[in-house]
Each structure stands twice: as C-alpha cells, then as structure tokens.
Amino acid sequence: MERKRLIICVILAVMCAWSAAAPSVRAAEPIVIGVATSLGFLEGRESMKAVQMAVDEINAAGGVKVGAAARPFRVESIDLRDAAPGVPVPEALLGLEKIILEKKPTALMVGPFRSEALIAGMDIIAKYKVPLLGTIAMAPGSEAKIKADPQKYKYVFRTCLNAVHLVKFLAGTMGAINKQFGFNKVYVMTQDVAWARATADLVKKLYFDKSGWTVLGMESYPTGTSDFSSALMKARSQGAQVIMPVFDMPQSGTLVKQWNTMKVPTIMAGFVSPLAGSEAWKIFDGKIGGVLNTTFELGSAMAASKLPASTDFMNKYQKKYGQEIQAGHGPAPSYESVYILKEAIERAGSLESDAVVAGLEKTDRRGVMGRIRYDDGHQAVYGFDPAETSVSLVSQWTDSGKRVVVFPDSLAENMIQLPAGLKSLK
Amino acid sequence: MFAGTVVFALINSSILILLAIGFNLTFGISGVANFAYGALYIMSAYLSWTMLNLLHLPFWASAALSIVFTTISGAMMYRFVLLRVRGQALSEVIATFGIGLSILELFRYLGLVGFEYTLPVFWNESFMIAGAYVDIQRIIIVLIALVLVLGLWLFTHFTSTGLAFRGIAQDERTALTFGIDSDRIATLSVSFGAGLAAIAATIIIPLGSIAPDEGYDVLIKALAVCIIGGLGSTGGVIVAGVIIGFAERFTDSYIGSHWTMIVSLAAILLVLAIKPSGLFGQQKELEERI
C-alpha cells in the first residue's frame with residue numbers, strides 16, 4: 001500500500017513538474033526561417049550556409065526575445081531551381097508557396113534568383129503576409145511594385161545590392177580609372193540577359209555619355225559562349241583602353257583567360273561572377289592577373305581590412321565550413337538578414353507579420369556590409385562609405401594571385417595597377 | 001583583324017567538326033541518331049573532373065579513363081536499349097533522347113553546376129599567328145581534329161573493322177551476306193561515337209566549363225553540322241563545319257555577336273528548304289519527295 005502511494009506521489013510530482021515547465025517549453029518553440037532559393041547554385045548554397053551560421057550564433061547566444069520569452073531560430077529550406085535555364089517561373093512560385101504552407105515560416109530569406117520570379121512571387125508573399133528578406137534577385141522592378149502599392153507589398157525587403165546600385169559602382173570604378181590614368185575609350189561586353197544588358201546600358205547612359213567617354217562597341221553574348229576572340233580583336237584594333245564586362249555565367253571566366261592569352265592591351269574592369277572567390281586563380285590557370293572585379297556585397301567572397309566585421313565574418317565562415325566563401329553575391333546579406341530579422345522581432349515584441357515588417361522598416365544596423373538601412377522601396381541603401389551605407393567593393397587580382405581592394409576609397413588598400421605593357425595617359 | 005578572324009574561324013570550324021564527327025559516325029554506320037550524344041560529352045567531362053579533383057589522378061589518366069568509360073557506356077547503351085528498337089527511327093530518337101535527358105538532368109539535380117567544374121588546359125601558353133595571339137589549347141584542338149579526321153579515314157579504308165563499317169553503311173543486307181555481324185558493327189559505331197564525344201570533351205571543355213546545359217548545346221551544334229553536311233557523310237561534316245565555323249566568326253566580327261547563334265539555325269533552315277538531305281547527304285528519297 002505504502003509502495004503504491006509512493007508511486008502515485010511520484011507520478012503526480014512528475015505531472016506537476018511537466019505542467020509547470022510547459023509554458024517555457026512552449027516559449028522555446030522555434031521561430032522558423034524559410035530559405036527558398038536555388039540551392040544547387042553557388043550563391044544559393046553559400047547563402048544558405050550563411051543563414052545557418054547566423055542562426056547557430058543567435059541560438060547559442062540565447063535566441064530571439066519575443067516579448068518576455070527567448071526562442072531559437074530554426075531553418076527550413078526548399079530548392080526553387082529558378083536559376084537553372086528553362087525552369088519556368090510558375091515552378092519556382094510553387095516552391096515558394098509550398099514552403100510557406102508546409103513549414104509556416106515567420107520569414108523567408110534569400111529568395112528567388114531570377115527577378116521575374118521574385119516580382120511574380122510578391123503576390124504570393126502578399127497573400128500569406130510572410131516577410132521576405134531577399135539577397136539574390138537584383139532588378140529594381142520589385143521596389144517599383146512596393147512603392148506603387150506599399151500596403152500590399154510591404155513584406156518584401158532586399159538586403160543585397162540591386163542593379164541601380166551596381167551601376168553606381170561600375171561608374172565609380174570607371175571614374176577612378178579615368179582619374180588615375182586618363183583612359184576614356186571603352187569596349188563593353190555583356191552576357192545576353194536582361195539584367196546585364198540593362199546594367200551596361202545604364203552605365204553608358206548615366207556615366208560614359210555624360211563624362212566624355214567613347215564607347216567603341218557594345219557586344220552581348222549568349223549564355224554559354226566560350227569564344228570571345230572577335231570582340232577582343234575589335235577592342236584591340238579600335239584602340240580600346242578599358243573593357244567593361246558584365247557577366248554572371250560560369251563560362252565568363254574564359255573571357256578573362258582569352259583577354260590574357262590574346263594580350264589585349266586594355267585594363268579589364270567590371271563584373272565577372274566566377275572571378276569573385278579566391279579559388280578563381282587556380283580554376284582559371286592564373287590568367288586573371290590585373291582584372292578589376294566587383295564584389296556585390298562586402299563580405300561575400302571578399303573582406304576589407306578596413307571593416308573588421310567583414311573579415312570576422314569570412315573567418316568565422318571558413319572555420320565553420322572549412323572553406324572560404326566563393327560567391328561574391330548573397331552570403332553576406334543573407335547572414336545579415338538573420339540578424340536584421342532578429343532585431344525586428346525584438347523591436348516588434350511579436351511574430352505578427354505586420355509588426356515584424358514595421359520592425360524591419362526601422363532597421364539601422366552596422367554589420368558585415370557596413371551600415372544597413374532600407375529605403376522606401378525596402379531596398380538596402382548602398383554607397384561608398386560603410387559608416388553611412390552598405391557597400392560593394394572592387395578588387396584587383398594581382399599577378400601573384402591575390403585580390404586587393406581598390407575601390408571605393410573608404411575601403412581601398414591600394415591604387416589600381418595597370419597590367420604589364422599598358423601605359424597611363426597621365 | 002581579318003587575318004585574326006580567319007584564324008579563329010578555323011579553330012571554330014575544328015571545334016564544330018570535333019563535336020559532330022562522333023554523332024555522324026554513329027548515324028552513318030548504324031543509322032541511329034544518338035540524341036544522348038551531348039549527354040555523353042558532358043558525362044565524360046564530369047568523369048574526368050571527378051577523377052582529377054576527387055580521386056586526385058593525373059589529368060592524362062583521368063582523361064584516358066573517362067574516354068574508355070564513355071566508349072563502354074555507348075556500347076552498353078546500344079546492347080541494352082537501342083538493339084531492341086533498332087530500325088524504328090522514332091523509338092530510337094525517343095530512347096536516346098530520354099537517356100540523354102536523364103543523364104543531364106541527373107547532373108543538374110546533383111548540383112554539379114558552377115565555374116569550378118572545368119578541366120585544365122594541356123599547355124598554358126599563347127603565341128602570335130597572323131597578328132593575333134592564340135592560346136596553344138586552341139592550336140591543339142585544330143591538330144587533334146585533323147588527326148581524328150585522318151585517322152577515321154584510314155580506319156574506315158584500311159582496317160577490316162573499318163571496311164565492315166563501310167559495308168554496313170553502304171548496304172546492310174549485302175554486308176550480312178558477306179558475314180558481317182551488323183549488330184556488332186552497330187554496337188561499335190555507337191561506342192566509337194561516344195568515344196569521339198569524350199575525346200572532344202577532353203580537349204574542348206578546358207576552353208569553357210562543364211555544365212548540363214552545354215550538353216544540349218553540343219547536341220544542337222552536332223545536329224546543325226550533320227544536317228547541313230548531310231547525315232552520315234564525313235566529307236559533309238568537314239565542309240559544313242568549315243562553313244558554319246567561318247560564318248559564326250565572321251558574323252561575330254562584322255555583324256554582331258548576338259547574331260552568331262542565329263547563323264547555324266538559319267543555315268539548317270536554308271539547307272532543309274533547298275537540299276533536304278544536306279550538302280553531301282545520300283538520302284536521295286528526301287529530295288525526290290519534294
């Protein structure tokens with residue numbers, strides 16, 4: 001009898017303890033972050049890892065304060081595949097809707113690669129009222145949509161660079177080349193895709209035409225091209241001093257190799273995505289010395305010693321995953337977006353989406369990419385001073401396989417160096 | 001500029017001939033239009049990459065093994081799939097296209113996409129020809145294209161297997177009466193075609209990168225060259241390769257790079273309209289029909 005009574009007492013005690021602990025268990029229910037992007041592509045893969053790293057850091061530090069309770073983040077992901085050629089936008093949208101319905105995320109991160117998928121997906125995001133912090137798609141069309149109907153589309157934010165800010169950086173680089181060497185004859189080569197052509201057209205319209213440059217030619221190449229000899233011969237024969245490439249296809253590294261092997265007497269400055277990471281030197285047989293390449297966001301594949309937060313981020317990533325970041329677009333803003341979300345939730349004191357959006361709009365954070373604030377189109381503001389805005393950077397590959405930051409001045413470690421055999425006009 | 005364009009046009013022509021010669025060999029002998037050709041090209045490149053970067057084998061060993069493996073894959077594809085549908089053109093196309101699609105989409109599914117997937121150049125130097133610097137890899141491509149075309153001619157004219165190839169290509173029934181095993185020869189032709197695709201991949205991929213989409217491009221280019229030259233005609237492949245190669249580079253240099261892709265497709269349409277069997281094609285019945 002005594003034994004029975006003892007067992008009943010123990011059971012009751014356990015039940016009491018469990019019910020007393022239940023509120024805190026409930027409070028510790030994770031906040032789901034949905035990473036919906038093209039996970040098979042480098043930028044998507046590394047952005048996902050950056051999100052996970054930020055989540056692990058936040059959870060280790062005690063989680064996110066939602067009112068009085070502290071809750072951890074949990075990452076769920078889905079491969080939208082929209083970066084692959086031929087994958088229709090509706091398929092990417094199905095993936096977006098699937099993760100929202102099945103995983104019930106508090107917010108989405110990274111987002112579609114292709115801007116048309118993002119713009120079309122904004123209606124799904126508005127329908128389910130799930131904030132998205134995009135870090136890949138770059139067309140400013142999404143901002144225009146937000147400005148046209150802010151109440152409906154206010155859930156979409158972009159932490160990465162957009163095409164307008166990229167134009168600003170390319171123009172800035174050309175300005176620096178002109179100032180330092182007096183060059184003003186350029187040959188423009190782009191990938192035959194909308195964003196690249198539009199970027200080149202904008203640089204021409206907003207900078208080259210207004211600054212007395214001569215644009216000797218503008219060539220666009222279908223995705224997959226691996227012979228750029230004709231344009232390089234034209235650039236040489238027409239006396240180009242600068243070649244401005246705008247490419248994000250894997251084969252575009254071949255353009256730089258061919259520029260090197262054909263010994264075209266120009267400086268190459270622009271954006272060639274495969275040249276962003278440290279591995280490019282080995283992959284392209286060491287034939288990329290002298291090239292100036294834009295890294296879309298400070299911390300994505302390239303840090304600047306003048307902003308220690310960017311160096312810390314890259315070191316932490318390498319320590320955690322055993323390899324350096326190779327994508328020049330995505331990882332840094334993805335990492336920052338998790339902290340931005342954390343701060344927004346803590347400001348809101350709730351997970352209710354409108355309150356979180358209000359919290360996101362108040363973002364003013366200093367981190368890996370500099371100072372992060374969103375404008376009225378929910379685009380992170382990019383400029384040349386990390387104390388004031390987020391920053392991109394331009395680095396130059398040296399002949400010994402190192403990358404040196406040369407632009408903007410606030411981050412520059414050295415002046416731009418002319419490739420061997422090229423003479424300054426100043 | 002003109003001389004430089006001619007040099008790069010010759011290189012481009014050699015690349016096109018290399019890409020098409022395996023497809024043409026298979027079709028010319030066995031009558032099988034191997035729509036998995038582009039996938040075999042890419043598969044061979046991924047195999048080389050894997051052996052080179054993950055197994056850390058020397059490049060020459062990786063390349064040789066991938067060529068051998070791809071050649072065997074071609075033979076297996078014929079023995080286990082195509083043999084059952086041989087002679088039914090539509091079924092052959094569906095089967096080979098299905099195999100090619102599966103291979104390429106599997107690579108995409110595995111996430112094997114990115115600039116890091118490439119093969120090293122044989123010789124990392126360049127020198128000047130006709131006022132233009134050309135890298136040695138491109139010169140090697142021209143030389144290997146010449147050697148392969150010559151080797152193929154010698155093989156089909158001076159070896160018993162090669163003569164059997166020609167016998168089957170000329171008249172399969174008559175060849176059978178001479179004791180030539182048409183299934184064996186057809187297996188070899190698909191296998192050799194796959195091997196030639198692998199050789200092409202080994203020397204051309206170092207100029208670009210390995211990507212599933214490249215497999216579709218290779219198939220389209222091989223088809224374009226073979227259709228224009230005349231399916232099954234080796235001479236036709238060479239002439240069509242030169243025509244398209246020069247047309248592409250001169251379009252690129254003197255009209256605009258974004259028109260380059262249109263050239264080969266327009267050439268196909270033109271040839272199909274005027275001479276449906278191709279410049280050197282022997283499918284006369286096609287012409288008789290129109």
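We name chains A, B, ... by the order of the sequence lines, and we start the count at 1 in each one. Nothing here was measured: the structure is a model prediction, and the numbers come from that model.
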- Query: With only heavy atoms counted, which part of A:Glu279 is less than 4.5 Å from chain B, the side chain, the backbone, both or neither?
  - Reply: neither
- Message: Does any part of the side chain of B:Asp252, heavy atoms only, come nearer than 4.5 Å to the side chain of A:Tyr221, both counted from C-beta?
- Response: yes
- Query: Does some side-chain heavy atom of B:Arg249 sit less than 4.5 Å from a side-chain heavy atom of A:Ser229?
  - Reply: yes
- Message: For B:Leu207, is there any backbone N or O sitting under 3.5 Å from a side-chain donor or acceptor partner on A:Thr254?
- Response: yes
- Message: Can you tell me which portion of B:Glu248 sits under 4.5 Å from chain A's heavy atoms? Options are side chain, backbone, both or neither.
- Response: neither
- Before giving the answer on side chain to side chain contact (heavy atoms under 4.5 Å, CB included), spell out for A:Asp227 and B:Arg138 the whole-Å C-alpha distance, their side-chain angles and the decisive distance to 0.1 Å. CA-CA 10 Å; A:Asp227 185 359; B:Arg138 285 183 161 80; 4.0 Å; yes
- Would you please test B:Ser126 and A:Thr261 for side-chain hydrogen bond (donor to acceptor under 3.5 Å, both in side chains) and show each step? CA-CA 6 Å; B:Ser126 62; A:Thr261 55; 5.3 Å; no
- Task: May I ask you to check whether over 12 heavy atoms, not counting those of B:Phe122, lie within 6.0 Å of atom CZ?
- Result: yes
- Message: Heavy-atom pairs under 4.5 Å with chain B - which of A:Ser220, A:Ser226, A:Ser38 has more of them than the others?
- Response: A:Ser220
- Look up atom OG in B:Ser209 and atom CE in A:Met249, then write down how far apart they are to the nearest 0.5 Å. 8.5 Å
- Task: Measure across A:Lys287 and B:Glu125 and return the closest heavy-atom pair with its distance rounded to 0.1 Å.
- Result: NZ-N, 3.9 Å
- Message: Looking at A:Tyr321, I want to see if its OH is surrounded by more than 12 non-hydrogen atoms of other residues, nucleotides or ligands under 6.0 Å.
- Response: yes
- Heavy-atom distance under 4.5 Å between the side chains of A:Met233 and B:Tyr133, does that happen here? no
- Query: Near B:Phe246 CZ, under 6.0 Å, is it more than 12 heavy atoms from other residues, nucleotides or ligands?
  - Reply: yes
- Query: Any donor and acceptor pair, going by atom type alone, linking the side chain of B:Asn124 with main-chain N or O of A:Asp285 inside 3.5 Å?
  - Reply: yes
- Query: Are more than 12 heavy atoms from other residues, nucleotides or ligands located less than 6.0 Å from atom OH of B:Tyr254?
  - Reply: yes
- Query: B:Met128 versus A:Lys263: any side-chain heavy-atom pair under 4.5 Å?
  - Reply: no
- For A:Phe284, is it the side chain, the backbone, both or neither that has a heavy atom under 4.5 Å from a heavy atom of chain B? side chain
- For B:Pro212, is it the side chain, the backbone, both, or neither that has a heavy atom closer than 4.5 Å to a heavy atom of chain A? neither
- Task: Go through the steps to decide whether B:Phe8 and A:Met262 satisfy the test side chain to side chain contact (heavy atoms under 4.5 Å, CB included), and finish with yes or no.
- Result: CA-CA 12 Å; B:Phe8 280 97; A:Met262 289 177 73; 3.8 Å; yes
- Message: With chain A as the partner, which of B:Ser253, B:Pro120, B:Gly256 has the greatest number of non-hydrogen pairs under 4.5 Å?
- Response: B:Ser253
- Item | Per-residue contact mode, B:Glu214 against chain A (heavy atom under 4.5 angstrom) | side chain
- Could you tell me which portion of B:Thr5 (side chain, backbone, both or neither) has an atom closer than 4.5 angstrom to a non-hydrogen atom of chain A? both
- Side chain, backbone, both or neither: which part of A:Lys257 has a non-hydrogen atom closer than 4.5 Å to chain B? side chain
